[in-house]
Amino acid sequence: MKIYEEKNRVVVENMKDFEPKHIFECGQCFRWNLEDDNSYTGVVFGKILNIKKEDDIIYFNNTNLNEFHNIWYKYFDLERDYTNIKNKLKKIDNYLEKAVEFGGGIRILNQDEWEILISFIISANNRIPMIKKAIENLSKNYGEYIGEFRDKKYYSFPSPKKMNSLSEDEIRKCGTGFRAKYIKDASFIVYRQNCDIYKYKNLDTDMCRKELLQFCGVGPKVADCVMLFSMQKYDTFPVDVWVKRVMEEFYLEESLSLNKIRNYGISKFGKLSGFAQQYLFYYARELGIGKK
DNA sequence: CGTCAGGTGCGAT
DNA sequence: ATCGCACCTGAC
């Protein structure tokens with residue numbers, strides 16, 4: 001892997017297991033958008049980053065080598081050997097082999113706990129375009145102005161303090177629907193009650209999950225997503241409608257409860273459950289597996 | 001118009 | 001423990 005800096009960008013050559021489409025469209029993030037030139041622009045940690053892959057070269061636009069090492073290396077999980085993970089998963093069976101090959105460029109991002117908690121509360125019984133719109137509205141209306149990139153203005157995700165200062169109605173008007181009161185509650189708990197969700201990642205997976213489940217609007221699926229996408233808990237298996245479909249298509253004879261599917265996944269995939277879930281989810285959703 | 005979407009809370013069993 | 005139902009909202 002060769003990394004070097006050019007004018008306002010970092011160029012990475014020969015990086016394995018990194019495909020922007022797979023990373024940004026496997027359901028783990030909501031603030032990355034496809035541009036006309038087939039690049040993706042996102043807001044992360046109050047910064048605007050643009051990613052473009054051409055042949056085997058990846059361009060990290062609007063950043064520098066310092067930020068690359070201090071922020072993006074961790075965010076994109078670049079220290080992890082995904083080839084090794086993929087090889088282990090591929091050996092399990094032919095279904096997983098297909099799914100892993102289909103989404104071979106997936107990386108599980110290390111995202112901000114607070115932003116992910118609220119984002120996945122919004123995701124409950126919701127569609128991706130609506131989730132993205134609600135998060136964008138919250139940021140545009142109540143986040144900090146960051147700057148412009150290609151003639152578009154960008155805003156950070158509102159802090160717990162800012163979110164707590166809003167009324168339920170102001171949150172609702174951003175398009176969050178019945179989840180507005182959950183967001184209001186979570187903001188109060190995190191900001192006013194000084195609950196440090198940034199320490200949850202230090203707990204073991206079961207305790208971490210137990211803590212998250214105490215938030216109203218956080219059920220089993222949302223808790224698993226928050227743990228997996230922002231707290232480095234990889235021995236968990238979020239089961240949503242797509243994972244249920246693909247598991248029933250590949251592994252299960254009958255229709256099991258979501259919790260039983262989760263337990264089945266964790267017992268089958270162990271420490272790699274979270275990675276397996278991502279490959280299966282992306283495969284199922286892109287191909288419409290099991291859709292009625 | 002009804003249905004449904006990357007679930008969850010709630011009350012009833 | 002497990003089950004069934006309502007739920008903001010907008011696209012079909």
Side-chain angles (χ1 to χ4, degrees), chain A residues 21-33 99 102-103 106 108-109 111 115-138 141 166-189 206 209-230 236-250 252 254-265 273-292:
Chain A
K21 179 180 161 62
H22 299 174
I23 295 170
F24 301 129
E25 295 182 21
C26 70
Q28 59 178 329
C29 54
F30 301 104
R31 296 205 73 189
W32 284 91
N33 294 309
F102 185 80
I106 288 176
I108 298 186
L109 300 170
Q111 304 181 77
E115 178 174 334
I116 288 300
L117 173 65
I118 300 303
S119 296
F120 278 89
I121 286 175
I122 294 171
S123 80
N125 193 230
N126 210 347
R127 298 169 181 228
I128 293 175
M130 300 275 295
I131 301 166
K132 292 178 79 165
K133 197 179 291 177
I135 294 168
E136 191 183 318
N137 287 338
L138 283 170
N141 295 337
L166 306 177
S167 68
E168 185 185 322
D169 201 51
E170 285 172 314
I171 295 172
R172 180 179 291 261
K173 282 193 168 67
C174 290
T176 54
F178 63 87
R179 310 159 195 88
K181 63 173 176 295
Y182 304 151
I183 297 170
K184 177 76 185 156
D185 277 359
S187 306
F188 181 79
I189 291 168
D206 286 343
R209 191 165 193 259
K210 205 170 284 180
E211 292 292 336
L212 285 168
L213 286 172
Q214 290 186 32
F215 287 93
C216 204
V218 175
K221 189 269 180 183
V222 169
D224 284 334
C225 285
V226 174
M227 289 197 296
L228 180 57
F229 302 140
S230 74
T236 194
F237 195 74
V239 181
D240 57 40
V241 56
W242 288 105
V243 173
K244 178 176 161 63
R245 284 171 184 157
V246 73
M247 290 299 281
E248 285 172 357
E249 183 88 7
F250 288 168
L252 310 167
E254 52 192 325
S255 178
L256 296 179
S257 72
L258 298 180
N259 190 46
K260 283 182 176 157
I261 297 174
R262 176 178 189 266
N263 290 335
Y264 180 90
S273 295
F275 300 99
Q277 191 270 3
Q278 283 295 276
Y279 294 116
L280 288 168
F281 172 86
Y282 183 69
Y283 184 74
R285 200 169 88 89
E286 290 291 310
L287 270 52
I289 300 282
K291 197 175 177 184
K292 281 171 289 193

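Worth knowing before you read on, the calculation uses all heavy atoms, side chains too, and leaves out hydrogens, waters and symmetry mates. Proteins come first, then strands; the chains are lettered A, B, ... in the order of their sequence lines, and each starts at number 1.
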J.: What does A:Cys216 touch in the nucleic acid at a heavy-atom separation under 4.0 angstrom: a base, only the sugar-phosphate, or nothing?
T.: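 Since only primed, P, OP1 and OP2 atoms lie under 4.0 Å of A:Cys216, the category is sugar-phosphate.
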
J.: Regarding A:Tyr282, tell me which of base, sugar-phosphate or nothing describes its non-hydrogen contacts under 4.0 Å with the strands shown.
T.: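 No contact.
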
J.: For A:Ile131 and C:dA11, give me the distance from atom CD1 to atom P, rounded to whole Å.
T.: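 For the pair A:Ile131 CD1 and C:dA11 P, the rounded distance is 15 Å.
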
J.: Distance between the P atoms of C:dT2 and B:dG6, in whole angstroms?
T.: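 It comes out at 26 Å once rounded to the nearest Å.
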
J.: Are A:Glu136 and A:Lys132 within salt-bridge range, i.e. N to O under 4.0 Å?
T.: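 No, A:Glu136 and A:Lys132 are not salt-bridged.
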
J.: Under 4.0 Å: is that the gap between some side-chain N or O of A:Arg127 and OP1 or OP2 of B:dT3?
T.: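 Answer is no, no contact under 4.0 Å.
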
J.: Give the rounded distance in Å between these two atoms: CG of A:Asp224 and P of B:dT8.
T.: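 Result: 9 Å.
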
J.: Going by an N to O cut-off under 4.0 Å, is there a salt bridge joining A:Lys173 and A:Asp169?
T.: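 Counted as a salt bridge, because a side-chain N and a carboxylate O are separated by less than 4.0 Å.
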
J.: Contact class for A:Gly177 (heavy atom, under 4.0 Å): base, sugar-phosphate, or nothing?
T.: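 The residue A:Gly177 makes base contact.
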
J.: Using whole Å, report how far CG of A:Asp240 lies from P of B:dC4.
T.: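 For the pair A:Asp240 CG and B:dC4 P, the rounded distance is 18 Å.
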
J.: Any base atoms under 4.0 Å from A:Val243, or only sugar-phosphate, or nothing? Heavy atoms, all strands.
T.: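 Touches nothing.
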
J.: Taking the side chain as everything from C-beta on, heavy atoms only, tell me whether A:Arg31 gets closer than 4.5 Å to A:Ser119.
T.: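 The answer is no; the side chains never approach within 4.5 Å.
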
J.: Hey, does the side-chain of A:Asn126 have a donor or acceptor N/O within less than 3.5 Å of a partner on the base of C:dC8?
T.: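 Answer no: no donor N or O sits under 3.5 Å from an acceptor.
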
J.: Output the rounded distance in Å from CZ (A:Arg179) to P (C:dG10).
T.: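 Roughly 11 Å, once rounded to whole Å.
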
J.: Would you mind reading off the distance between A:Leu258 atom CG and C:dC3 atom C1', rounded to a whole angstrom?
T.: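 The distance from CG of A:Leu258 to C1' of C:dC3 comes to 12 Å, rounded to the nearest Å.
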
J.: Once you round it to whole Å, what is the distance between P of C:dT9 and CD1 of A:Ile121?
T.: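 Spelled out: CD1 on A:Ile121 to P on C:dT9 is 17 Å.
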
J.: Heavy atoms under 4.0 Å, any strand shown: does A:Pro220 hit a base, just sugar-phosphate, or nothing?
T.: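 Touches sugar-phosphate only.
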
J.: Considering heavy-atom distances to DNA chain C, does A:Arg172 or A:Lys133 have its closest nucleotide positioned more toward the 5' end?
T.: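 It is A:Arg172, whose closest nucleotide lies nearer the 5' terminus.
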
J.: With under 30° as parallel and over 60° as perpendicular, where do the rings of A:Tyr283 and A:Phe102 fit, or are they tilted in between?
T.: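 Rings of A:Tyr283 and A:Phe102: perpendicular, over 60°.
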
J.: Return the value, rounded to whole Å, for the distance between atom NZ of A:Lys181 and atom C1' of C:dC7.
T.: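 The distance from NZ of A:Lys181 to C1' of C:dC7 comes to 8 Å, rounded to the nearest Å.
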
J.: Working to the nearest 0.5 Å, report the span between CD1 of A:Ile131 and CZ of A:Phe30.
T.: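 Nearest 0.5 Å value for the CD1-CZ distance: 4.5 Å.
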
J.: Rounded off to whole Å, could you give me the CZ-to-P distance for the A:Arg262 and B:dT8 pair?
T.: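 Nearest whole value for this atom pair: 11 Å.
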
J.: Have a look at A:Phe281 and say if it touches a base, only the backbone sugar-phosphate, or nothing, with a 4.0 Å heavy-atom cut-off.
T.: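 Base contact.
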
J.: Do A:Ser273 and A:Arg262 meet the criterion of a side-chain donor-acceptor pair at a distance under 3.5 Å?
T.: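 A:Arg262 and A:Ser273 do not have a side-chain donor-acceptor pair below 3.5 Å.
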
J.: Among B:dT8, B:dG6, B:dG7, which nucleotide has an atom closest to any side-chain atom of A:Phe229?
T.: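 It is B:dG6.
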
J.: Out of B:dT8, C:dG10, B:dG9, which has the shortest distance to the side chain of A:Met130?
T.: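 Output: C:dG10.
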
J.: Dot-bracket for DNA chain B, 5' to 3', with Watson-Crick and G-U pairs under 3.5 Å, [ ] for crossing pairs and | for other-strand pairs: what is it?
T.: .||||.|||||||

J.: Relative to the 5' end of DNA chain B, which residue comes earlier, A:Gln28 or A:Gly217, by the nucleotide with the nearest heavy atom?
T.: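 First, find each residue's nearest nucleotide; the 5'-ward one identifies A:Gln28.
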
J.: Looking at A:Glu286 and A:Glu25, what are the two nearest heavy atoms and their distance?
T.: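 Shortest heavy-atom contact: OE2-O, 4.2 Å.
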
J.: For the pair A:Arg245 (side chain) and A:Ile289 (backbone), establish whether a donor and an acceptor sit closer than 3.5 Å, ignoring hydrogens and angles.
T.: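 Judged by distance alone, no pair lies under 3.5 Å.
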
J.: Taking atom P in both C:dA11 and B:dT8, what distance in whole Å separates the two?
T.: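 It comes out at 24 Å once rounded to the nearest Å.
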
